[in-house]
2 protein chains.
Amino acid sequence: MSQMQQIHDQLREMILSLEVAPGERLTERWLEGRFGGSRTPVRAALVRLEAEELVRRDGRNWMVAPIELGEIAALAEFREAVESSAVRLACERASEVDIDAVTELLDACEPDAPREEWHRVGTDFHVEVARLSGNEFLIKAVAGAMTRLSRARWLELRTEQSRDHAWAEHRLLLDLIRRREADAAAQAICEHIRDTRDRLLTSLEEDRRSLRARGFAIVGKA
Amino acid sequence: MSQMQQIHDQLREMILSLEVAPGERLTERWLEGRFGGSRTPVRAALVRLEAEELVRRDGRNWMVAPIELGEIAALAEFREAVESSAVRLACERASEVDIDAVTELLDACEPDAPREEWHRVGTDFHVEVARLSGNEFLIKAVAGAMTRLSRARWLELRTEQSRDHAWAEHRLLLDLIRRREADAAAQAICEHIRDTRDRLLTSLEEDRRSLRARGFAIVGKA
DNA sequence: GATACCATCTTGGGATACCAAACTGGTATC
DNA sequence: GATACCAGTTTGGTATCCCAAGATGGTATC
């Protein structure tokens, strides 16, 4: 694999895991030293990450994309559009075995699994459901949206109840798809998305001060 | 503006205007000579265009993205999801003056306007309608989808009737938005999208042979 | 005549050197 | 004391050089 790929993947991981703070400034020379490549692959990686909107230009400089509260509401709206359509198509097209595979994804998450695991599966679930639609554009749109939400979801302090609640919604959704109840499934996912949005916004708004103190740029208002 | 920007914009224009053929191989050194910059900005521009999926890797080489027939059907599905939601939100949120502005966009296109003009307005219309939703993600999704369709739309031989037909559908849609009839408007745009898809696929399938002869890679099947 | 192999050339990947613009800190002047 | 200005430093933008891998074409061998 090329160095550019490696740098891209590593920096991406650092951003998503909040190892580098949202809003933090990045210099090409620091990254050069950090990853041991020269500026050429570093810049290529930055350009790619810019396209994924994980990194942004601030004048002439680079910065890690801040978390924008206003974006979370808009993203929920977008997800409703895309995911409800994906779910409807999934009801028409998904095979039993493919649906079962997604169910197993949920089951694989033990109650005492580490937080990383829950976070990852919570993201992957939506992408995998989108994949049941068979439409590449819907899949990519969902994957992109979940990436954008990833850091906010990580910051959300999740109680065991709210986690169980979300998982119950996931299982309900899969059941509806399996029974090919398109309208109900679409409605279920829309409600789930709105639930998530509300929990995220409440949580971030509450913790905004302390997150700022950790150097995280949480900007805008819901 | 930086050279990278210039090269990016120029090459993008060349691709969208079919000045370079879909599927054509691009070498960094050729672009270097063509645009008068060095390889560094050329490569940065290519990476950006790759992110927009106008350019693609073919092994280690670069190529102009081919036109894929299978993509057109999937894109129509995606557009239905995104644009119908955008239109519904537009019915809730768009101001009269904003709707009027989009109407003027259509009116500005004289019957004897050059083909480029019709093509551009036909694309912009959908983006501007999406803009009425006020949701950045929906706007970007529509803009991206229209970009992906741009070259296929250009290749379509359009009769004056089919052009008038499309324009009538556009006007109908705006009227429905103005009257805040969300369901009807959403249905109208879905029908319009399906009409467009059918016309595109028919046209491309028919002309496939001659387009191939011009060196255009039209791959896959609908 | 076909095929396997080798020299050569092309091409993208990466490293580095240089430049210009922006920022920083300090100083001198009002 | 405030402000305007200047030198030094940092940083991204660009050009260019080197390298390894892959493509090419020609030749020798069977």
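Remember, predicted model here, so these are calculated numbers, not experimental data.
For the pair R115(B) and W154(B), the cation-pi test (distance below 6.0 Å, angle within 45°) is passed. Geometrically, R25(B) does not engage W62(B) in a cation-pi contact defined by less than 6.0 Å to the ring centre and at most 45° from the axis.
Atom CD of Q6(A) and atom C1' of dG13(C) are 13 Å apart (whole Å). For N61(B) and dC9(C), the CG to P distance is 19 Å, given to the nearest whole Å. Protein atom CD of E32(B) is 12 Å distant from nucleotide atom C1' of dG12(C), rounded to whole Å. In this structure, F35(A) places its CZ atom 18 Å from C1' of dA15(C), rounding to the nearest Å. Rounded to an integer number of Å, the gap from L31(A) CG to dG14(C) P is 15 Å. Taking atom CZ of R60(A) as the reference point, atom P of dC23(C) lies 8 Å away to the nearest angstrom.
Using a 4.0 Å heavy-atom criterion, one finds that L46(A) contacts no nucleic acid atom at all. In this structure, T40(B) reaches the bases: a heavy-atom distance under 4.0 Å links it to at least one base atom across the strands shown. Within 4.0 Å (heavy atoms only), I7(A) reaches no atom of the nucleic acid at all. Here G37(A) lies in heavy-atom contact (under 4.0 Å) with sugar-phosphate atoms only. Residue contacts for T27(B): at a heavy-atom cut-off of 4.0 Å it reaches the sugar-phosphate backbone alone, with no base atom in range.
For R43(A) against dG14(C), no side-chain N or O and base N or O form a donor-acceptor pair under 3.5 Å.
For dC19(D), the paired base is dG12(C) (Watson-Crick or G-U wobble, both distances below 3.5 Å).
Using a 30° and 60° split on the angle between ring planes, H170(B) and H192(B) fall in the perpendicular class, above 60°.
Think of the region where chain B sits on DNA chain D: with heavy atoms and a 4.0 Å cut, that region ends 5' and 3' at dT14(D) to dA21(D).
Ion pairing between a basic and an acidic side chain is recognised when a charged N comes within 4.0 Å of a carboxylate O; R34(A) and E19(A) show such pairing. Using a 4.0 Å cut-off between charged side-chain N and carboxylate O, R56(B) and E68(B) make a salt bridge. Using a 4.0 Å cut-off between charged nitrogen and carboxylate oxygen, K140(A) and E53(B) count as a salt-bridge pair.
The side chain of R39(A) has dC18(C) as its nearest neighbour among dA21(C), dC18(C), dG14(C).
Checking the phosphate oxygens (OP1, OP2) of dG13(C), no side-chain nitrogen or oxygen of Q5(A) falls inside 4.0 Å.
Between R29(A) and S38(A), the one whose closest nucleotide on DNA chain C sits nearer the 5' end is S38(A).
Note on residues 42-51 of chain A: pairs passing salt bridge (charged side-chain N to carboxylate O under 4.0 Å, His left out), not counting sequence neighbours, are E28(A)-R43(A).
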